[in-house]
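Treat the numbers as computed from the prediction; the structure is a model and nothing was measured.
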Amino acid sequence: MEIRALSFDDRSSWQKLWKGYQRFYAASISDVATEQTFRRFMADSQPMYCLVAEENGKLIGLVHYLTHRTTWTVGDYCYLQDLFVSEAARGKGVGKALILAVYQQAEALGCSRVYWTTQESNATARKLYDQIASKTEFIQYRKLLGA
């Protein structure tokens, strides 16, 4: 298995994984937002990134992350937004490898923290997360806006 940056040539394979992620979370993300997201990953000027896991020439996982300023530290924070591993590749360490690769990338970018959220009911993923990060006591609040 190889962990590497997403490339233009990965568009179709990435989209299949992205749709799988949406099915897992019962989410529906518009084609317009998906296209804009892919463009942002490809633009050097955007602080949005995607790493993929590839095995035998096939993409088997993805992780999306972004960096942002913070008032608490000099270095940016890194938000790990989306992590998905194809059903056939689960339980083989792909998710862990992708998260560890984000840690390396975030450190190289001068970030002082990597963080993410998950659903409380996501017990399988939380077993991994409990091994490689610390659960906080923060509760997320959200207000959806029209944009």
Check your understanding: Hey, mind stepping through F38 and F8 against side chain to side chain contact (heavy atoms under 4.5 Å, CB included) and telling me if it holds?
Key -> CA-CA 9 Å; F38 190 81; F8 281 107; 4.2 Å; yes
Exercise for review: Treat each ILVMFWY residue as a node, draw an edge where side-chain heavy atoms are under 4.5 Å apart, and state whether I60 and L100 are in one component.
Suggested key: yes
Exercise for review: Output the distance between atom CG (L62) and atom OG (S13), rounded to the nearest 0.5 Å.
Suggested key: 11.0 Å
Review point. Does L83 belong to the same Ile/Leu/Val/Met/Phe/Trp/Tyr cluster as Y25, with side-chain heavy atoms less than 4.5 Å apart forming each link?
Key: no
Review point. Is any side-chain heavy atom of C78 less than 4.5 Å from a side-chain heavy atom of V102?
Key: yes
Exercise for review: Mark yes or no for whether R126, through its side chain, and E120, through its backbone, hold a donor-acceptor pair below 3.5 Å.
Suggested key: yes
Check your understanding: Which atom names give the shortest non-hydrogen contact between V94 and A53, and what distance separates them?
Key -> CG1-CB, 3.6 Å
Review point. Do C111 and Y77 come close enough that some side-chain heavy atom pair is under 4.5 Å?
Key: no
**Study point:** Contacts of R11 that satisfy salt bridge (Lys or Arg N to Asp or Glu O under 4.0 Å) - sequence neighbours left out
**Key:** E35
Point to revise | V85 to G95 - nearest heavy-atom pair and separation | key: CG2-N, 3.7 Å
Review point. Would you call Y129 and W116 a side-chain contact if the rule is heavy atoms closer than 4.5 Å?
Key: yes
Check your understanding: In the hydrophobic clustering (ILVMFWY, side-chain contacts below 4.5 Å, transitive), which residues join Y141, or is it alone?
Key -> I139
Review point. Should V114 and Y79 be counted in the same cluster of Ile, Leu, Val, Met, Phe, Trp and Tyr side chains packed under 4.5 Å apart?
Key: no
Point to revise | Pairs where residues 55-68 contributes a residue and the test side chain to side chain donor-acceptor pair (under 3.5 Å) is met, not counting sequence neighbours | key: W14-H64, H64-D82, H68-Y115
Check your understanding: Residues two or more places apart in sequence or in another chain: which of them pass side-chain hydrogen bond (donor to acceptor under 3.5 Å, both in side chains) with R4?
Key -> D10, E54
Point to revise | Taking every non-hydrogen atom, the tightest pair across G93 and M1 | key: O-CE, 4.3 Å
Check your understanding: Going from OG on S45 to CZ on R40, what distance comes out if it is rounded to the nearest 0.5 angstrom?
Key -> 10.0 Å
Check your understanding: With side chains defined as the heavy atoms from C-beta onward, is the minimum distance between L6 and M42 less than 4.5 Å?
Key -> yes
Review point. Any side-chain heavy atom of L66 sitting closer than 4.5 Å to one from P47?
Key: no
Check your understanding: Between the main-chain N or O of I29 and the side-chain N or O of Q22, is there a donor-acceptor pair closer than 3.5 Å?
Key -> yes
**Study point:** Worked check of salt bridge (charged side-chain N to carboxylate O under 4.0 Å, His left out) between D44 and R39
**Key:** CA-CA 10 Å; D44 291 337; R39 279 193 217 131; over 6 Å; no
Revision key, fill the gap. Here the pair of heavy atoms bringing L51 nearest to A101 is CD1-CB, 3.6 Å
Review point. Going hydrophobic residue to hydrophobic residue with side-chain gaps under 4.5 angstrom, can you get from L80 over to F41?
Key: no
**Study point:** Reported OG1-to-CD distance for the pair T37 and Q15, which is rounded to 0.5 angstrom
**Key:** 10.5 Å
Practice item. Please name all residues satisfying ring pair (Phe, Tyr, Trp, His ring centres under 6.0 Å) with F84, sequence neighbours left out, ordered by chain then number. Key: none
Study note, to complete from the structure: Tightest non-hydrogen contact, residues R23 and K16, listed as NH2-O, 4.5 Å
Revision key, fill the gap. Heavy atoms of L17 and S86 approach each other most closely as CD2-CB, 4.1 Å
Exercise for review: Write out all pairs satisfying side chain to side chain donor-acceptor pair (under 3.5 Å) with one or both partners inside residues 92-106, taking only residues at least two apart or from two chains.
Suggested key: none
Review point. Do I3 and V52 come close enough that some side-chain heavy atom pair is under 4.5 Å?
Key: no
Check your understanding: So do I99 and L128 actually touch side chain to side chain, heavy atoms under 4.5 Å?
Key -> yes
